[in-house]
Number of protein chains: 2
Amino acid sequence: MAQDKNLTIQDIAQKAGVSIKTVSRVFNNSPNVRQQKRDLVLGVAKELGYRPNISARQLASKRSFVLIHFYDNPNMDYLAGIYDGMREACSEQGYYAVAERLKLKNRSYKDALLDYLTRNPVDGVILSPPISDDKAVIREIEKRDIPCALISPGVKKRNCINVFIDEKMAGQKMAEFLIDRGHTKLAFISGLDSHSASAQREAGFWAAVEAHGLKRKDMMRIGGDFSMQSGFTAFNALAKSNKNITGVFAANDEMAIGTIIAALRAGKKVPEEMSVVGFDDSAFARAMWPPITSLAQPIEDMAKFSAQKIIDWIDTKDREQSHYEFATEIMVRGSCP
Amino acid sequence: MAQDKNLTIQDIAQKAGVSIKTVSRVFNNSPNVRQQKRDLVLGVAKELGYRPNISARQLASKRSFVLIHFYDNPNMDYLAGIYDGMREACSEQGYYAVAERLKLKNRSYKDALLDYLTRNPVDGVILSPPISDDKAVIREIEKRDIPCALISPGVKKRNCINVFIDEKMAGQKMAEFLIDRGHTKLAFISGLDSHSASAQREAGFWAAVEAHGLKRKDMMRIGGDFSMQSGFTAFNALAKSNKNITGVFAANDEMAIGTIIAALRAGKKVPEEMSVVGFDDSAFARAMWPPITSLAQPIEDMAKFSAQKIIDWIDTKDREQSHYEFATEIMVRGSCP
DNA sequence: CTGAAAGCGCTTACAG
DNA sequence: CTGAAAGCGCTTACAG
């Protein structure tokens, strides 16, 4: 762990009694090294605190050693989770983790992507919703043979690493959570139709309704767009109806918050008169009053895993499997205790 | 603009009829090049679409060409603004822009900083609140002779570039905005005492009160901590008092939102019965209902400017001036139209 | 499975 | 103000 400034591949080679080429092979996860030598080199490197010089690798190999996350969802918690996960995997392997927002201003995600790629070489890509469902973007990445992982894609892609949660099952769990607490008149507030996760969560909602023998006519389905504003609107629709809904499941936390604010404004108590659950376990869901019961996904683990799989892919030029499902958890809070 | 992949310093030197050393000097903003040659080289480089290879520069110079922003404020808008500003300045000069959160878990910002610096070399640092007021952090950076810019420091530092807005004046403007709309009974909700900006905003508040001859006893000062929760509490204090406050100035948007939510819950109409203004122009301030009137600072410009000054400092080994003040603007919205 | 040589594109002293 | 030489720490073919 000495981390003596100028430790080079030479020092490791000498100390381990092998050629520098072997050391290089070890750090590139090249298959052509006997396990015994590999362990020897890794042991010496660890002991001395050696880490390969990325600049030298870049210059010599003409690779960038950059893994990039392209996103367009400004949820800070979500982004930070992905970034932390990526970085953990990247720093172990001597890669850079980078995050770049693709903005939709007068142009498509694809054009924004191409603009970025012509300026900045990358060795691997992670895409999150909604970009993980943009076919044009995925096609361009594929065309360039850049290893790519999709986080929560609506439709799994054959030539990408697909990392996701079971959105339908999660939706069902949330609905059952409400039902278990005695609610029999439920509402589902959907997100944007273009966002397939919302539709899957809704499918789970209806599956729960069916499984528990609740009457569909006691239920309400309100169209939203993931914004807080649409939560306000949704509450108005609830209030106008005479269904006497007591359990609300919003497809994300912002709409849950909007619903609660509108309810408070109307003098309705949460959770006493109406329980509300959200989705995403966002920072605001935790900061609200009451704090929001919400579904959490292990986004950091998902991102770390994605990054590792991409690096494996780069090293071996080969993916083994491409579908990986992660488990979710309900964070129980005041809006539906 | 051709961007022919492998354009090197050699190509530029040859085409411009100078030595590669001269080209190198030009791209390092070295003073020892005649202006005429500089223009010639820059012209050729631009024509051919040449950009220096950062890896090679890093390897040869042992510099990192990394400018890093250390932060611990999870406000996404704020961070994105800083990042975009940095990147604009950095990409022009062939630097990397990096953002890193320093977390306070069982250790100080200083320890988190040292941990980072031992692993990752950086050429320049930008600090934002609350880290821009952490003396131990600043001392460590100074000790290493790393050029450093402070965004909105509570106390300006001699050996740093100080970039800020006039917090007191901004506070005064906000208070006068309320007064101009006929409010004579005002409340100020403070942020954390450790955050000097809050105290300065408050000073501006009282200055406005005084300047307009309002009675101090008609005013209220409520202690908050920048959280939404403290906005709820603040409203309760308002409601319990018999001061009949109609204009509320919260030291940040989250507290303004908390205040409004609590008011709605209590059946009080905003802005009809009570106007509320915030500070920061956050995304949530814009998404709320009603949307929040808030003070915006030109954070992107501030960050770009900071990055440019740091790069100048690196190039010339020398700062000229170290205090730069930026102008602010009130974004008028529904919470106090 | 392993090694010796050349080279990636730039900067750093050192001269002039 | 400007140039020729050496070198930064690694990888890439090419042999064996």
Side-chain angles (χ1 to χ4, degrees), chain A residues 3-42 44-45 48-66 93-96 121 123 314-315 317, chain B residues 3-42 44-45 48-66 93-96 121 123 314-315 317:
Chain A
Q3 189 61 293
D4 276 284
K5 269 302 154 222
N6 298 355
L7 221 44
T8 76
I9 200 173
Q10 315 269 4
D11 302 316
I12 306 306
Q14 190 179 330
K15 178 106 181 198
V18 300
S19 74
I20 61 166
K21 181 59 193 128
T22 300
V23 179
S24 173
R25 283 202 184 86
V26 169
F27 279 98
N28 284 290
N29 295 317
S30 163
N32 297 335
V33 181
R34 217 168 297 173
Q35 188 60 42
Q36 181 194 338
K37 285 215 177 192
R38 183 183 299 278
D39 294 340
L40 172 64
V41 169
L42 251 20
V44 171
L48 269 51
Y50 167 76
R51 293 177 62 79
N53 178 315
I54 300 193
S55 311
R57 299 181 87 176
Q58 290 173 320
L59 184 58
S61 68
K62 304 202 164 195
R63 289 203 278 142
S64 67
F65 290 89
V66 165
Q93 298 290 330
Y95 277 77
Y96 289 118
D123 286 354
I314 293 172
D315 288 339
K317 318 236 168 226
Chain B
Q3 189 60 294
D4 276 284
K5 272 298 155 226
N6 298 355
L7 222 43
T8 76
I9 200 173
Q10 314 270 4
D11 302 317
I12 307 306
Q14 191 179 329
K15 177 106 180 197
V18 300
S19 73
I20 61 167
K21 181 59 193 130
T22 299
V23 178
S24 173
R25 283 204 184 85
V26 168
F27 279 97
N28 284 289
N29 296 317
S30 165
N32 296 335
V33 182
R34 219 168 297 174
Q35 188 62 40
Q36 182 193 337
K37 285 216 178 192
R38 184 184 298 277
D39 293 341
L40 172 65
V41 169
L42 250 21
V44 171
L48 269 51
Y50 168 76
R51 292 178 62 80
N53 179 314
I54 300 192
S55 311
R57 301 181 85 177
Q58 289 173 319
L59 184 58
S61 69
K62 304 200 164 195
R63 289 203 279 144
S64 67
F65 290 89
V66 164
Q93 298 289 330
Y95 276 76
Y96 289 117
D123 286 353
I314 294 171
D315 288 339
K317 318 236 168 224

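Chain identifiers are assigned alphabetically (A, B, ...) following the order of the sequence lines, protein sequences preceding nucleic acid strands; residue numbering begins at 1 within each chain. Quick caveat: nothing in here was measured; it's all calculated off a predicted structure.
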Dump the intermediate steps for side chain to side chain contact (heavy atoms under 4.5 Å, CB included) on B:Gln58 and A:Leu59, then the final yes or no.
CA-CA 10 Å; B:Gln58 289 173 319; A:Leu59 184 58; over 6 Å; no

Pair A:Val23, A:Val26 - check side chain to side chain contact (heavy atoms under 4.5 Å, CB included), show working. CA-CA 5 Å; A:Val23 179; A:Val26 169; 5.6 Å; no

Q) How far apart are the C-alpha atoms of B:Tyr50 and B:Val44, what are their side-chain angles, what is the distance that settles it, and do they pass the side chain to side chain contact (heavy atoms under 4.5 Å, CB included) test? A) CA-CA 8 Å; B:Tyr50 168 76; B:Val44 171; over 6 Å; no

Requested in this report: I would like to know whether B:Asn29 and B:Gln93 meet side chain to side chain donor-acceptor pair (under 3.5 Å); could you show each step before the answer?
Outcome: CA-CA 9 Å; B:Asn29 296 317; B:Gln93 298 289 330; 3.2 Å; yes

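Distance, B:Ile314 CD1 to C:dT11 C1': 16 Å, rounded to whole Å. Computed from coordinates, the B:Phe65 CZ to D:dC8 C1' distance equals 13 Å when rounded to whole Å. Rounded to whole angstrom, the span from the CG atom of A:Asn29 across to the C1' atom of C:dC1 amounts to 17 Å. Rounded to an integer number of Å, the gap from CD of B:Gln35 to C1' of D:dC1 is 14 Å. Atom-to-atom, CD1 of B:Ile9 to P of C:dC8 comes out at 14 Å; the value is rounded to the nearest Å. Atom-to-atom, CZ of A:Arg25 to C1' of C:dC1 comes out at 7 Å; the value is rounded to the nearest Å. In this structure, A:Gln10 places its CD atom 13 Å from P of D:dG7, rounding to the nearest Å. Per the geometry, CD1 belonging to A:Ile54 stands 15 Å off C1' belonging to D:dT11, to the nearest Å.
For the OP1/OP2 pair of C:dT11 and a distance below 4.0 Å, the side-chain nitrogens and oxygens of B:Arg57 include at least one atom meeting the criterion. Taking only side-chain nitrogens and oxygens, B:Thr8 never comes nearer than 4.0 Å to OP1 or OP2 of C:dG9. Of the side-chain N and O atoms in A:Thr22, one or more sit less than 4.0 angstrom from OP1 or OP2 of C:dG3. Using a 4.0 Å cut-off, some side-chain N or O of A:Ser24 falls inside it from OP1 or OP2 of D:dT11.
Of the candidates D:dC8, C:dT11, D:dT2, the closest approach to any side-chain atom of B:Asn28 belongs to C:dT11. Checking C:dG3, C:dT12, C:dG9 against the side-chain heavy atoms of B:Ser61 singles out C:dT12 as nearest. The side chain of A:Val33 lies closest to C:dT2, out of D:dT11, D:dC1, C:dT2. Of the candidate nucleotides D:dT2, C:dG3, D:dG9, D:dG9 has the atom lying nearest to any side-chain atom of A:Asn53.
Annotation: of the two residues near DNA chain C, A:Ile20 and A:Lys37, the 5′-most nearest-nucleotide partner is A:Lys37. Of the two residues contacting DNA chain D, namely B:Val18 and A:Phe27, the nearest-nucleotide position lying further toward the 5' end is that of B:Val18. Between B:Leu59 and B:Lys21, the residue anchored nearer the 5' end of DNA chain D, judged by the nucleotide with its closest heavy atom, is B:Lys21.
B:Arg63 comes within 4.0 angstrom of no nucleic acid atom, judged by non-hydrogen atoms across all strands. Across all strands shown, B:Lys62 has heavy atoms under 4.0 Å from sugar-phosphate atoms exclusively, and none from any base.
As the counterpart of D:dT2, C:dA15 is assigned, both hydrogen-bonding distances of the Watson-Crick or G-U wobble pattern falling under 3.5 Å.
The environment of NZ in B:Lys21 is crowded: more than 12 heavy-atom neighbours from other residues, nucleotides or ligands sit within 6.0 Å.
Side-chain contact between A:Asn28 and A:Arg63 is present, with heavy atoms from C-beta onward closer than 4.5 Å.
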